[in-house]
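Notes follow once the structure below has been shown.
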Amino acid sequence: MASVQKKPVQQDEPASHRIRITLTCTKVGVLEKVCTDLLNGAKSRNIPVKGPVRLPTKFLRITSRKTPCGEGSKTWDRYEMRVHKRLIDLTCAPEVVKQITAINIDRHVTVEVTVAGQ
């Protein structure tokens, strides 16, 4: 039988993890700007990136009567809020993600970072 040579494992390399960044916002322009800033930061460090994946927009609708007492003509107010969501997948060390996400993120954008093993 042929002998199999194993390569020694280097301990000084940081362990890479699958990291998913979820961005949520009600303003599309602000959300797209944050996505491009994150992608530019990842590409400058030569990190493999998948995304941004655009998830379906949630429409939150509320319809209410205009008159408080119920008298008069039946007129209605319609309110709507749209929630946009983006996913970005990275494969790198968690310390690098801290450096990438150190950009100025608008206060309307909600950022959720999920770290998974290899």
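Residue numbers run from 1 in the order of the sequence given. Values below: all heavy atoms of this structure, side chains included; hydrogens, waters and symmetry mates excluded. These numbers were taken from a predicted model, which means no experiment stands behind them.
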Is it true that [X] and [Y] fall in one hydrophobic cluster, defined by side-chain heavy atoms closer than 4.5 Å?
| X | Y | answer |
| --- | --- | --- |
| I105 | V83 | no |
| L55 | L90 | no |
| I21 | L87 | no |
| V28 | V53 | no |
| V115 | L38 | yes |

Self-check item: Stepwise side chain to side chain contact (heavy atoms under 4.5 Å, CB included) test for K58 and R82
Solution: CA-CA 6 Å; K58 288 185 182 179; R82 299 177 183 194; over 6 Å; no
Quiz item: Hey, are the side chains of R54 and E32 touching, using non-hydrogen atoms and a 4.5 Å cut-off?
Solution: yes
Quiz prompt | From I88 atom CD1 to L23 atom CG, the distance as rounded to the nearest 0.5 Å | solution = 5.0 Å
Exercise. Output the distance between atom OG1 (T63) and atom CD (E80), rounded to the nearest 0.5 Å.
Key: 9.5 Å
Exercise. Can you tell me which residue pairs pass the salt bridge (charged side-chain N to carboxylate O under 4.0 Å, His left out) test with a partner in residues 33-43, sequence neighbours excluded?
Key: K33-D37
Self-check item: Nearest heavy-atom neighbours spanning L31 and K85
Solution: CD2-N, 4.2 Å
Exercise. Give the intermediate values and the outcome of side chain to side chain contact (heavy atoms under 4.5 Å, CB included) for residues R65 and W76.
Key: CA-CA 4 Å; R65 286 283 304 266; W76 298 84; 3.4 Å; yes
